[in-house]
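Notes for the one structure printed next.
What's counted below: heavy atoms across the whole structure, side chains too, no hydrogens, waters or symmetry copies. Note that the structure is a prediction, hence the values are computed from the model and not measured. All chains are named by letter (A, B, ...) in the order of the sequence lines, taking the proteins before the strands, and each is independently numbered beginning at 1.
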Number of protein chains: 2
Amino acid sequence: MGGPRFEPVRTVRAYERIVEQVEEAIESGTLCPGQRLPSERDLMGQFSVSRSTVREALRVLQARGLVRSRPGDPHGAEVQPFTPTELRKSMTMLARVDGLSLGELVQFRMVLDSSANLLAARLRTDEQLAEMDTAIAAMRAAVEVGYDEFSTADVAFHDTVAQASGNKLIQICTEVVRSIVLGLIADKIAAAPDRVALMRQSIRHHEEVLAAVRAGDGPLAARLSRRTMYDYYVGYVPTSERPALRALLE
Amino acid sequence: MGGPRFEPVRTVRAYERIVEQVEEAIESGTLCPGQRLPSERDLMGQFSVSRSTVREALRVLQARGLVRSRPGDPHGAEVQPFTPTELRKSMTMLARVDGLSLGELVQFRMVLDSSANLLAARLRTDEQLAEMDTAIAAMRAAVEVGYDEFSTADVAFHDTVAQASGNKLIQICTEVVRSIVLGLIADKIAAAPDRVALMRQSIRHHEEVLAAVRAGDGPLAARLSRRTMYDYYVGYVPTSERPALRALLE
DNA sequence: GCAAATTTGTCCGTATGTATC
DNA sequence: CGATACATACGGACAAATTTG
(Lines give C-alpha, C1' and ligand atoms only; values in the text may rest on other atoms or scores of the structure.)
Protein backbone atom coordinates (compact mmCIF):
# COMPACT_ATOMS: atom_id res chain seq x y z
CA MET A 1 0.00 0.00 0.00
CA GLY A 2 1.06 3.55 -0.54
CA GLY A 3 3.19 5.08 -3.22
CA PRO A 4 2.06 7.91 -5.42
CA ARG A 5 -1.33 7.49 -7.03
CA PHE A 6 -0.74 8.12 -10.71
CA GLU A 7 -3.50 9.57 -12.81
CA PRO A 8 -4.20 8.16 -16.25
CA VAL A 9 -2.81 10.51 -18.85
CA ARG A 10 -5.28 11.76 -21.38
CA THR A 11 -3.82 12.88 -24.65
CA VAL A 12 -4.84 16.48 -24.97
CA ARG A 13 -5.42 17.84 -28.43
CA ALA A 14 -3.64 20.89 -29.70
CA TYR A 15 -6.87 22.82 -30.24
CA GLU A 16 -7.86 22.11 -26.64
CA ARG A 17 -4.73 23.78 -25.35
CA ILE A 18 -5.63 26.86 -27.33
CA VAL A 19 -9.18 26.81 -25.97
CA GLU A 20 -7.84 26.47 -22.44
CA GLN A 21 -5.48 29.38 -22.81
CA VAL A 22 -8.09 31.71 -24.26
CA GLU A 23 -10.68 30.66 -21.66
CA GLU A 24 -8.15 31.25 -18.92
CA ALA A 25 -7.47 34.72 -20.31
CA ILE A 26 -11.17 35.52 -20.34
CA GLU A 27 -11.84 34.09 -16.89
CA SER A 28 -8.93 35.98 -15.39
CA GLY A 29 -10.06 39.21 -16.99
CA THR A 30 -7.02 39.56 -19.22
CA LEU A 31 -9.43 39.50 -22.13
CA CYS A 32 -12.57 41.54 -21.66
CA PRO A 33 -15.77 41.65 -23.73
CA GLY A 34 -15.32 43.92 -26.71
CA GLN A 35 -11.64 43.21 -27.01
CA ARG A 36 -10.33 41.47 -30.09
CA LEU A 37 -8.35 38.30 -30.56
CA PRO A 38 -5.45 38.34 -33.01
CA SER A 39 -6.29 37.22 -36.52
CA GLU A 40 -6.22 33.52 -37.32
CA ARG A 41 -2.90 33.93 -39.07
CA ASP A 42 -1.39 35.67 -36.07
CA LEU A 43 -2.78 33.00 -33.77
CA MET A 44 -1.22 30.19 -35.78
CA GLY A 45 2.07 31.99 -35.30
CA GLN A 46 1.63 32.59 -31.57
CA PHE A 47 0.52 29.03 -30.84
CA SER A 48 2.78 27.43 -33.46
CA VAL A 49 -0.03 25.42 -34.98
CA SER A 50 -1.70 25.26 -38.34
CA ARG A 51 -4.64 27.26 -39.47
CA SER A 52 -7.02 24.29 -39.14
CA THR A 53 -6.13 23.83 -35.49
CA VAL A 54 -6.67 27.51 -34.75
CA ARG A 55 -10.02 27.36 -36.49
CA GLU A 56 -11.18 24.30 -34.57
CA ALA A 57 -10.32 26.07 -31.34
CA LEU A 58 -12.20 29.18 -32.46
CA ARG A 59 -15.24 27.08 -33.36
CA VAL A 60 -15.31 25.65 -29.85
CA LEU A 61 -14.91 29.08 -28.27
CA GLN A 62 -17.64 30.41 -30.52
CA ALA A 63 -19.92 27.50 -29.63
CA ARG A 64 -19.47 28.41 -25.98
CA GLY A 65 -20.45 31.98 -26.72
CA LEU A 66 -17.09 33.40 -25.68
CA VAL A 67 -16.02 34.87 -29.00
CA ARG A 68 -17.57 35.69 -32.34
CA SER A 69 -15.79 35.96 -35.67
CA ARG A 70 -17.03 37.40 -38.91
CA PRO A 71 -15.55 36.98 -42.36
CA GLY A 72 -13.56 39.95 -43.51
CA ASP A 73 -13.31 41.54 -40.10
CA PRO A 74 -9.83 43.06 -39.99
CA HIS A 75 -9.80 43.24 -36.19
CA GLY A 76 -10.10 39.51 -35.52
CA ALA A 77 -12.61 37.63 -33.39
CA GLU A 78 -14.41 39.69 -30.77
CA VAL A 79 -14.68 38.60 -27.15
CA GLN A 80 -18.37 38.44 -26.28
CA PRO A 81 -20.02 39.53 -23.07
CA PHE A 82 -21.14 36.50 -21.12
CA THR A 83 -24.76 35.58 -21.67
CA PRO A 84 -26.65 32.56 -20.41
CA THR A 85 -27.23 31.51 -24.01
CA GLU A 86 -25.16 28.38 -23.65
CA LEU A 87 -26.72 27.66 -20.29
CA ARG A 88 -30.09 27.77 -21.96
CA LYS A 89 -28.95 25.51 -24.79
CA SER A 90 -27.58 22.94 -22.38
CA MET A 91 -30.75 22.97 -20.32
CA THR A 92 -32.96 22.83 -23.38
CA MET A 93 -30.99 19.89 -24.68
CA LEU A 94 -31.30 18.27 -21.29
CA ALA A 95 -35.02 18.85 -21.25
CA ARG A 96 -35.47 17.15 -24.60
CA VAL A 97 -32.92 14.37 -24.55
CA ASP A 98 -33.03 13.44 -20.89
CA GLY A 99 -36.76 13.63 -21.02
CA LEU A 100 -37.58 16.42 -18.62
CA SER A 101 -41.31 16.42 -18.20
CA LEU A 102 -43.48 19.50 -18.20
CA GLY A 103 -44.34 18.68 -14.61
CA GLU A 104 -40.73 18.82 -13.53
CA LEU A 105 -40.17 22.09 -15.35
CA VAL A 106 -43.23 23.74 -13.83
CA GLN A 107 -42.26 22.37 -10.43
CA PHE A 108 -38.84 23.92 -10.76
CA ARG A 109 -40.40 27.22 -11.79
CA MET A 110 -42.52 27.09 -8.66
CA VAL A 111 -39.41 26.53 -6.56
CA LEU A 112 -37.53 29.38 -8.19
CA ASP A 113 -40.40 31.84 -8.22
CA SER A 114 -41.42 31.20 -4.63
CA SER A 115 -37.84 31.60 -3.46
CA ALA A 116 -37.50 34.80 -5.45
CA ASN A 117 -40.66 36.13 -3.83
CA LEU A 118 -39.48 35.10 -0.39
CA LEU A 119 -36.29 37.10 -0.87
CA ALA A 120 -37.91 39.96 -2.75
CA ALA A 121 -40.33 40.55 0.12
CA ARG A 122 -37.37 41.54 2.27
CA LEU A 123 -34.95 43.02 -0.21
CA ARG A 124 -37.09 44.80 -2.81
CA THR A 125 -36.66 48.52 -3.44
CA ASP A 126 -39.48 50.97 -3.97
CA GLU A 127 -38.51 51.25 -7.62
CA GLN A 128 -38.93 47.50 -8.04
CA LEU A 129 -42.33 47.63 -6.38
CA ALA A 130 -43.30 50.30 -8.87
CA GLU A 131 -42.08 48.12 -11.71
CA MET A 132 -44.24 45.27 -10.47
CA ASP A 133 -47.23 47.62 -10.32
CA THR A 134 -46.54 48.65 -13.90
CA ALA A 135 -46.27 45.04 -15.03
CA ILE A 136 -49.60 44.10 -13.46
CA ALA A 137 -51.22 47.15 -15.03
CA ALA A 138 -49.86 46.01 -18.38
CA MET A 139 -51.27 42.53 -17.77
CA ARG A 140 -54.67 44.06 -17.06
CA ALA A 141 -54.54 46.15 -20.21
CA ALA A 142 -53.45 43.17 -22.29
CA VAL A 143 -56.32 40.85 -21.41
CA GLU A 144 -58.46 42.27 -24.19
CA VAL A 145 -55.57 42.70 -26.62
CA GLY A 146 -54.11 39.24 -26.84
CA TYR A 147 -52.12 36.50 -25.18
CA ASP A 148 -48.75 37.65 -26.50
CA GLU A 149 -49.02 41.02 -24.81
CA PHE A 150 -50.28 39.40 -21.63
CA SER A 151 -47.41 36.96 -21.60
CA THR A 152 -44.88 39.74 -22.11
CA ALA A 153 -46.23 41.66 -19.12
CA ASP A 154 -46.35 38.48 -17.05
CA VAL A 155 -42.73 37.78 -17.89
CA ALA A 156 -41.79 41.32 -16.90
CA PHE A 157 -43.41 40.86 -13.50
CA HIS A 158 -41.58 37.65 -12.72
CA ASP A 159 -38.30 39.07 -14.01
CA THR A 160 -38.64 42.02 -11.69
CA VAL A 161 -39.27 39.72 -8.75
CA ALA A 162 -36.27 37.60 -9.70
CA GLN A 163 -34.18 40.72 -9.97
CA ALA A 164 -35.42 41.94 -6.59
CA SER A 165 -34.28 38.66 -5.04
CA GLY A 166 -30.74 39.88 -5.58
CA ASN A 167 -29.61 36.42 -6.70
CA LYS A 168 -28.28 36.16 -10.23
CA LEU A 169 -28.60 32.38 -10.32
CA ILE A 170 -32.30 32.66 -9.55
CA GLN A 171 -32.64 35.27 -12.30
CA ILE A 172 -30.87 33.19 -14.91
CA CYS A 173 -32.55 29.89 -14.08
CA THR A 174 -35.90 31.65 -14.03
CA GLU A 175 -35.30 33.00 -17.50
CA VAL A 176 -33.99 29.73 -18.87
CA VAL A 177 -36.66 27.44 -17.48
CA ARG A 178 -39.45 29.82 -18.37
CA SER A 179 -38.33 30.00 -21.99
CA ILE A 180 -38.32 26.21 -22.15
CA VAL A 181 -41.77 25.91 -20.60
CA LEU A 182 -43.25 28.55 -22.86
CA GLY A 183 -41.57 26.94 -25.84
CA LEU A 184 -43.42 23.75 -24.96
CA ILE A 185 -46.91 25.08 -24.32
CA ALA A 186 -47.20 28.72 -25.41
CA ASP A 187 -49.37 27.63 -28.33
CA LYS A 188 -51.66 25.62 -26.07
CA ILE A 189 -52.08 28.53 -23.66
CA ALA A 190 -52.86 30.91 -26.50
CA ALA A 191 -55.43 28.47 -27.85
CA ALA A 192 -57.11 27.62 -24.54
CA PRO A 193 -60.83 28.35 -24.72
CA ASP A 194 -60.90 29.75 -21.18
CA ARG A 195 -57.73 31.76 -21.54
CA VAL A 196 -59.44 35.06 -20.76
CA ALA A 197 -60.75 33.67 -17.48
CA LEU A 198 -57.31 32.23 -16.74
CA MET A 199 -55.70 35.59 -17.41
CA ARG A 200 -58.11 37.42 -15.10
CA GLN A 201 -57.57 34.87 -12.37
CA SER A 202 -53.81 35.14 -12.84
CA ILE A 203 -53.98 38.92 -12.46
CA ARG A 204 -55.86 38.61 -9.18
CA HIS A 205 -53.27 36.16 -7.91
CA HIS A 206 -50.41 38.40 -8.98
CA GLU A 207 -51.99 41.28 -7.08
CA GLU A 208 -52.14 39.16 -3.96
CA VAL A 209 -48.52 38.14 -4.36
CA LEU A 210 -47.45 41.72 -4.86
CA ALA A 211 -49.39 42.80 -1.78
CA ALA A 212 -47.51 40.25 0.28
CA VAL A 213 -44.18 41.36 -1.18
CA ARG A 214 -45.06 44.97 -0.45
CA ALA A 215 -46.01 44.06 3.12
CA GLY A 216 -42.71 42.29 3.55
CA ASP A 217 -44.38 38.95 4.28
CA GLY A 218 -41.96 36.61 2.51
CA PRO A 219 -43.46 33.24 3.45
CA LEU A 220 -46.90 34.41 2.38
CA ALA A 221 -45.60 35.77 -0.92
CA ALA A 222 -43.79 32.49 -1.53
CA ARG A 223 -46.88 30.40 -0.80
CA LEU A 224 -49.12 32.58 -2.94
CA SER A 225 -46.69 32.54 -5.85
CA ARG A 226 -46.60 28.75 -5.83
CA ARG A 227 -50.39 28.68 -5.88
CA THR A 228 -50.47 31.23 -8.68
CA MET A 229 -48.19 29.23 -10.90
CA TYR A 230 -49.91 25.96 -10.06
CA ASP A 231 -53.33 27.28 -11.01
CA TYR A 232 -52.03 28.78 -14.22
CA TYR A 233 -50.19 25.73 -15.52
CA VAL A 234 -51.85 22.72 -13.92
CA GLY A 235 -54.27 22.34 -16.82
CA TYR A 236 -51.41 21.55 -19.18
CA VAL A 237 -49.65 19.09 -16.89
CA PRO A 238 -50.59 15.41 -17.21
CA THR A 239 -52.73 14.28 -14.30
CA SER A 240 -50.13 11.71 -13.30
CA GLU A 241 -47.66 14.48 -12.56
CA ARG A 242 -49.99 16.76 -10.65
CA PRO A 243 -49.50 15.19 -7.20
CA ALA A 244 -45.81 16.10 -7.33
CA LEU A 245 -46.81 19.67 -8.09
CA ARG A 246 -49.34 19.76 -5.27
CA ALA A 247 -46.60 18.57 -2.91
CA LEU A 248 -45.24 22.11 -3.13
CA LEU A 249 -48.50 23.72 -2.02
CA GLU A 250 -48.25 22.45 1.61
CA MET B 1 -49.01 49.77 -44.34
CA GLY B 2 -48.61 46.10 -44.91
CA GLY B 3 -46.50 44.07 -47.20
CA PRO B 4 -44.56 41.07 -46.02
CA ARG B 5 -42.16 41.69 -43.15
CA PHE B 6 -38.88 40.29 -44.34
CA GLU B 7 -36.50 38.90 -41.81
CA PRO B 8 -32.83 39.77 -42.01
CA VAL B 9 -30.93 36.83 -43.41
CA ARG B 10 -28.04 35.64 -41.35
CA THR B 11 -25.37 33.86 -43.26
CA VAL B 12 -25.17 30.44 -41.74
CA ARG B 13 -21.88 28.62 -41.85
CA ALA B 14 -21.59 25.23 -43.45
CA TYR B 15 -20.42 23.61 -40.23
CA GLU B 16 -23.45 25.00 -38.41
CA ARG B 17 -25.79 23.21 -40.78
CA ILE B 18 -24.03 19.98 -39.99
CA VAL B 19 -24.25 20.66 -36.25
CA GLU B 20 -27.95 21.41 -36.58
CA GLN B 21 -28.67 18.21 -38.45
CA VAL B 22 -26.78 16.02 -36.00
CA GLU B 23 -28.32 17.79 -33.00
CA GLU B 24 -31.75 17.31 -34.50
CA ALA B 25 -31.04 13.62 -34.99
CA ILE B 26 -29.99 13.28 -31.36
CA GLU B 27 -32.88 15.31 -29.98
CA SER B 28 -35.40 13.33 -32.00
CA GLY B 29 -33.91 10.06 -30.85
CA THR B 30 -32.78 9.00 -34.31
CA LEU B 31 -29.28 8.89 -32.85
CA CYS B 32 -29.01 7.34 -29.41
CA PRO B 33 -26.10 7.29 -26.96
CA GLY B 34 -23.66 4.55 -27.87
CA GLN B 35 -24.42 4.75 -31.55
CA ARG B 36 -21.69 5.83 -33.95
CA LEU B 37 -21.51 8.60 -36.46
CA PRO B 38 -20.03 7.82 -39.88
CA SER B 39 -16.32 8.46 -40.25
CA GLU B 40 -15.15 11.93 -41.15
CA ARG B 41 -14.56 10.88 -44.73
CA ASP B 42 -18.04 9.43 -45.00
CA LEU B 43 -19.51 12.58 -43.51
CA MET B 44 -17.74 14.81 -46.02
CA GLY B 45 -19.38 12.74 -48.69
CA GLN B 46 -22.84 12.80 -47.11
CA PHE B 47 -22.78 16.55 -46.46
CA SER B 48 -20.78 17.43 -49.59
CA VAL B 49 -18.26 19.50 -47.68
CA SER B 50 -14.56 19.28 -47.05
CA ARG B 51 -13.07 17.43 -44.15
CA SER B 52 -12.11 20.66 -42.39
CA THR B 53 -15.75 21.66 -42.30
CA VAL B 54 -16.78 18.27 -40.98
CA ARG B 55 -14.12 18.51 -38.33
CA GLU B 56 -15.21 21.97 -37.20
CA ALA B 57 -18.73 20.64 -36.80
CA LEU B 58 -17.47 17.65 -34.83
CA ARG B 59 -15.45 19.92 -32.55
CA VAL B 60 -18.57 21.92 -31.74
CA LEU B 61 -20.60 18.78 -31.11
CA GLN B 62 -17.82 17.45 -28.93
CA ALA B 63 -17.61 20.73 -27.02
CA ARG B 64 -21.31 20.38 -26.26
CA GLY B 65 -20.74 16.89 -24.97
CA LEU B 66 -22.92 15.25 -27.60
CA VAL B 67 -20.26 13.13 -29.30
CA ARG B 68 -16.75 12.00 -28.65
CA SER B 69 -14.17 10.99 -31.20
CA ARG B 70 -10.92 9.19 -30.64
CA PRO B 71 -8.00 8.97 -33.02
CA GLY B 72 -7.90 5.75 -34.97
CA ASP B 73 -11.39 4.64 -34.00
CA PRO B 74 -12.71 2.86 -37.09
CA HIS B 75 -16.33 3.18 -35.96
CA GLY B 76 -16.47 6.94 -36.02
CA ALA B 77 -17.48 9.38 -33.31
CA GLU B 78 -19.64 7.96 -30.53
CA VAL B 79 -22.85 9.63 -29.45
CA GLN B 80 -22.56 10.35 -25.73
CA PRO B 81 -25.21 10.01 -23.07
CA PHE B 82 -26.27 13.43 -21.90
CA THR B 83 -24.42 14.59 -18.83
CA PRO B 84 -24.60 17.97 -17.13
CA THR B 85 -20.92 18.49 -17.87
CA GLU B 86 -21.59 21.37 -20.21
CA LEU B 87 -24.18 22.78 -17.86
CA ARG B 88 -21.55 22.81 -15.15
CA LYS B 89 -19.01 24.46 -17.42
CA SER B 90 -21.45 27.19 -18.38
CA MET B 91 -22.40 27.83 -14.79
CA THR B 92 -18.81 27.78 -13.62
CA MET B 93 -17.90 30.26 -16.33
CA LEU B 94 -20.82 32.39 -15.29
CA ALA B 95 -19.77 32.23 -11.66
CA ARG B 96 -16.30 33.46 -12.48
CA VAL B 97 -16.86 35.94 -15.28
CA ASP B 98 -20.17 37.36 -14.21
CA GLY B 99 -18.88 37.53 -10.68
CA LEU B 100 -21.19 35.23 -8.78
CA SER B 101 -20.42 35.68 -5.12
CA LEU B 102 -20.09 32.88 -2.62
CA GLY B 103 -23.12 34.29 -0.85
CA GLU B 104 -25.28 33.92 -3.95
CA LEU B 105 -24.08 30.38 -4.51
CA VAL B 106 -24.75 29.30 -0.95
CA GLN B 107 -28.10 31.04 -1.06
CA PHE B 108 -29.01 29.10 -4.17
CA ARG B 109 -27.91 25.87 -2.51
CA MET B 110 -30.19 26.68 0.39
CA VAL B 111 -33.08 27.21 -2.01
CA LEU B 112 -32.42 23.96 -3.84
CA ASP B 113 -31.78 21.85 -0.78
CA SER B 114 -34.78 23.11 1.15
CA SER B 115 -37.04 22.52 -1.84
CA ALA B 116 -35.61 19.04 -2.28
CA ASN B 117 -36.31 18.30 1.38
CA LEU B 118 -39.81 19.68 1.12
CA LEU B 119 -40.55 17.30 -1.73
CA ALA B 120 -38.58 14.40 -0.34
CA ALA B 121 -40.61 14.48 2.88
CA ARG B 122 -43.65 13.51 0.84
CA LEU B 123 -42.20 11.43 -1.96
CA ARG B 124 -39.27 9.52 -0.42
CA THR B 125 -39.20 5.74 -0.48
CA ASP B 126 -38.10 3.55 2.40
CA GLU B 127 -34.98 2.65 0.45
CA GLN B 128 -34.06 6.29 0.16
CA LEU B 129 -34.59 6.78 3.89
CA ALA B 130 -32.21 3.90 4.48
CA GLU B 131 -29.67 5.51 2.16
CA MET B 132 -29.89 8.71 4.16
CA ASP B 133 -29.34 6.74 7.36
CA THR B 134 -26.29 5.15 5.82
CA ALA B 135 -24.93 8.51 4.70
CA ILE B 136 -25.27 10.01 8.17
CA ALA B 137 -23.61 6.95 9.69
CA ALA B 138 -20.75 7.44 7.26
CA MET B 139 -20.53 11.10 8.26
CA ARG B 140 -20.31 10.07 11.90
CA ALA B 141 -17.59 7.54 11.17
CA ALA B 142 -15.66 10.07 9.08
CA VAL B 143 -15.35 12.78 11.72
CA GLU B 144 -12.20 11.21 13.13
CA VAL B 145 -10.86 10.14 9.75
CA GLY B 146 -10.75 13.36 7.79
CA TYR B 147 -12.63 16.06 6.02
CA ASP B 148 -12.55 14.40 2.59
CA GLU B 149 -14.42 11.36 3.84
CA PHE B 150 -16.88 13.53 5.75
CA SER B 151 -17.52 15.64 2.67
CA THR B 152 -18.11 12.56 0.54
CA ALA B 153 -20.72 11.25 2.97
CA ASP B 154 -22.31 14.68 3.24
CA VAL B 155 -22.57 14.87 -0.54
CA ALA B 156 -24.16 11.42 -0.61
CA PHE B 157 -26.83 12.53 1.84
CA HIS B 158 -27.78 15.62 -0.12
CA ASP B 159 -27.73 13.69 -3.39
CA THR B 160 -30.13 11.14 -1.98
CA VAL B 161 -32.46 13.91 -0.85
CA ALA B 162 -32.27 15.54 -4.26
CA GLN B 163 -33.01 12.20 -5.87
CA ALA B 164 -35.93 11.62 -3.53
CA SER B 165 -37.40 14.95 -4.63
CA GLY B 166 -38.12 13.32 -7.97
CA ASN B 167 -37.05 16.42 -9.87
CA LYS B 168 -34.08 16.02 -12.21
CA LEU B 169 -33.51 19.76 -12.47
CA ILE B 170 -33.12 20.00 -8.71
CA GLN B 171 -30.71 17.07 -8.81
CA ILE B 172 -28.56 18.53 -11.55
CA CYS B 173 -28.48 22.07 -10.22
CA THR B 174 -27.67 20.74 -6.77
CA GLU B 175 -24.72 18.84 -8.15
CA VAL B 176 -23.47 21.71 -10.28
CA VAL B 177 -23.73 24.45 -7.67
CA ARG B 178 -22.27 22.27 -4.96
CA SER B 179 -19.22 21.44 -7.05
CA ILE B 180 -18.67 25.15 -7.66
CA VAL B 181 -19.03 26.03 -3.98
CA LEU B 182 -16.72 23.26 -2.86
CA GLY B 183 -14.24 24.24 -5.55
CA LEU B 184 -14.16 27.70 -4.02
CA ILE B 185 -13.84 26.86 -0.34
CA ALA B 186 -13.11 23.15 0.15
CA ASP B 187 -9.57 24.03 1.19
CA LYS B 188 -10.77 26.57 3.72
CA ILE B 189 -13.23 24.11 5.26
CA ALA B 190 -10.56 21.43 5.52
CA ALA B 191 -8.23 23.93 7.19
CA ALA B 192 -10.75 25.42 9.62
CA PRO B 193 -9.49 25.07 13.20
CA ASP B 194 -12.98 24.23 14.51
CA ARG B 195 -13.82 21.84 11.70
CA VAL B 196 -14.39 18.89 14.02
CA ALA B 197 -16.94 20.88 16.02
CA LEU B 198 -18.54 22.02 12.78
CA MET B 199 -18.77 18.46 11.54
CA ARG B 200 -20.40 17.25 14.77
CA GLN B 201 -22.87 20.11 14.69
CA SER B 202 -23.61 19.35 11.05
CA ILE B 203 -24.31 15.72 11.85
CA ARG B 204 -26.81 16.70 14.55
CA HIS B 205 -28.53 19.02 12.11
CA HIS B 206 -28.66 16.35 9.44
CA GLU B 207 -30.25 13.96 11.90
CA GLU B 208 -32.95 16.52 12.66
CA VAL B 209 -33.58 17.09 8.96
CA LEU B 210 -33.81 13.37 8.33
CA ALA B 211 -36.24 12.96 11.21
CA ALA B 212 -38.50 15.57 9.66
CA VAL B 213 -38.26 13.90 6.26
CA ARG B 214 -39.07 10.55 7.83
CA ALA B 215 -42.04 12.05 9.64
CA GLY B 216 -43.29 13.53 6.38
CA ASP B 217 -43.11 17.08 7.69
CA GLY B 218 -41.93 18.87 4.54
CA PRO B 219 -42.02 22.49 5.74
CA LEU B 220 -40.05 21.55 8.86
CA ALA B 221 -37.48 19.61 6.88
CA ALA B 222 -37.12 22.54 4.49
CA ARG B 223 -36.63 25.02 7.32
CA LEU B 224 -34.14 22.83 9.14
CA SER B 225 -32.14 22.18 5.98
CA ARG B 226 -31.79 25.89 5.34
CA ARG B 227 -30.56 26.38 8.90
CA THR B 228 -28.15 23.45 8.53
CA MET B 229 -26.54 24.86 5.43
CA TYR B 230 -26.47 28.37 6.81
CA ASP B 231 -24.64 27.32 9.95
CA TYR B 232 -22.18 25.23 8.01
CA TYR B 233 -21.20 27.84 5.44
CA VAL B 234 -21.86 31.22 7.03
CA GLY B 235 -18.35 31.44 8.42
CA TYR B 236 -16.93 31.55 4.91
CA VAL B 237 -19.37 34.13 3.54
CA PRO B 238 -18.39 37.81 3.80
CA THR B 239 -20.35 39.57 6.52
CA SER B 240 -21.83 41.95 3.98
CA GLU B 241 -23.60 39.06 2.25
CA ARG B 242 -24.91 37.35 5.36
CA PRO B 243 -28.14 39.34 5.69
CA ALA B 244 -29.26 38.03 2.30
CA LEU B 245 -28.62 34.51 3.54
CA ARG B 246 -30.51 35.12 6.77
CA ALA B 247 -33.45 36.32 4.71
CA LEU B 248 -34.04 32.66 3.87
CA LEU B 249 -34.24 31.60 7.51
CA GLU B 250 -37.61 33.33 8.16
C1' DG C 1 2.72 -10.60 -30.89
C1' DC C 2 2.74 -8.38 -35.30
C1' DA C 3 1.62 -6.02 -39.43
C1' DA C 4 -1.92 -4.14 -42.45
C1' DA C 5 -5.77 -1.20 -42.90
C1' DT C 6 -8.45 2.43 -41.35
C1' DT C 7 -9.25 6.65 -38.92
C1' DT C 8 -8.23 10.74 -36.59
C1' DG C 9 -4.94 14.71 -35.71
C1' DT C 10 -2.40 18.08 -37.90
C1' DC C 11 -0.23 20.69 -41.51
C1' DC C 12 0.13 23.11 -46.00
C1' DG C 13 -1.47 25.45 -50.16
C1' DT C 14 -5.15 27.68 -52.70
C1' DA C 15 -9.44 29.86 -54.17
C1' DT C 16 -13.43 32.79 -53.01
C1' DG C 17 -16.51 36.06 -50.89
C1' DT C 18 -16.50 39.93 -47.73
C1' DA C 19 -15.49 43.91 -44.75
C1' DT C 20 -12.55 47.85 -44.02
C1' DC C 21 -9.83 51.78 -45.47
C1' DC D 1 -13.76 52.64 -56.71
C1' DG D 2 -9.66 49.83 -55.78
C1' DA D 3 -6.41 47.68 -52.55
C1' DT D 4 -5.77 45.10 -48.64
C1' DA D 5 -6.58 41.88 -45.08
C1' DC D 6 -9.67 38.72 -43.36
C1' DA D 7 -12.65 34.50 -42.68
C1' DT D 8 -14.67 30.68 -45.16
C1' DA D 9 -14.06 26.56 -47.56
C1' DC D 10 -11.69 23.22 -50.38
C1' DG D 11 -8.20 19.48 -51.38
C1' DG D 12 -4.01 17.00 -50.69
C1' DA D 13 -0.62 15.14 -47.63
C1' DC D 14 1.67 12.82 -43.68
C1' DA D 15 2.11 11.16 -38.85
C1' DA D 16 0.08 9.07 -34.82
C1' DA D 17 -3.27 6.05 -32.90
C1' DT D 18 -6.39 2.25 -33.02
C1' DT D 19 -8.59 -1.82 -34.51
C1' DT D 20 -8.45 -6.12 -36.80
C1' DG D 21 -6.94 -10.31 -38.94
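- At the heavy-atom level, B/Arg55 lies under 4.0 Å from base atoms of the strands shown.
- Note on ring orientation: taking the six-membered ring where Trp is involved, the planes of B/His206 and B/His158 are perpendicular (angle over 60°, cut-offs 30° and 60°).
- Annotation: salt bridge (Lys or Arg N to Asp or Glu O under 4.0 Å) contacts of B/Lys89 (sequence neighbours excluded): none.
- When distances are taken from the side chain of A/Pro71 to each of C/dT7, C/dT20, D/dA7, the shortest belongs to D/dA7.
- For B/Glu27, the salt bridge (Lys or Arg N to Asp or Glu O under 4.0 Å) test picks out A/Arg96, with sequence neighbours left out.
- Summarising the geometry of A/Arg70 relative to B/Arg13, their closest heavy-atom pair is CA-NH2, 4.2 Å, with the distance given to 0.1 Å.
- A close approach under 4.0 Å does occur between a side-chain nitrogen or oxygen of A/Thr53 and OP1 or OP2 of C/dC11.
- The base of C/dG9 sits with one of its N or O atoms less than 3.5 Å from a complementary donor or acceptor on the side chain of B/Arg51.
- B/Ser52 comes within contact range of at least one nucleobase, with a heavy-atom separation under 4.0 Å.
- Contacts between residues 30-50 of chain A and DNA chain D, counted as heavy-atom distances below 4.0 Å, involve A/Ser39, A/Glu40, A/Arg41.
- Between B/Glu16 atom CD and D/dT8 atom C1' there is a gap of 12 Å when expressed in whole angstrom units.
- Of the possible donor and acceptor atoms, none in the side chain of B/Gln107 sits under 3.5 Å from a partner among the backbone N and O of A/Asn167.
- Legend: salt bridge (Lys or Arg N to Asp or Glu O under 4.0 Å) pairs involving residues 177-188 of chain B, not counting sequence neighbours, sorted by first then second residue: B/Asp159-B/Arg178.
- Residue A/Arg70 places at least one side-chain N or O under 4.0 Å from the OP1 or OP2 atom of C/dT20.
- Spacing between atom CZ of A/Arg13 and atom C1' of C/dC11 amounts to 17 Å, rounded to whole angstrom units.
- Under 4.0 angstrom from either OP1 or OP2 of D/dA7 there lies no side-chain N or O belonging to A/His75.
- Taking a 4.0 Å limit (strictly below) on heavy-atom distances, residues 56-67 of chain B does not reach DNA chain D anywhere.
- Residues forming a salt bridge (Lys or Arg N to Asp or Glu O under 4.0 Å) with B/Glu241 (at least two apart in sequence, or on another chain): none.
- Other residues, nucleotides and ligands contribute only 12 or fewer heavy atoms inside 6.0 Å of the CZ atom of A/Arg68.
- In this structure a side-chain-to-backbone donor-acceptor pair under 3.5 Å is missing from A/Arg124 to A/Leu129.
- What separates OH of B/Tyr15 from P of D/dA7 is a distance of 13 Å, to the nearest Å.
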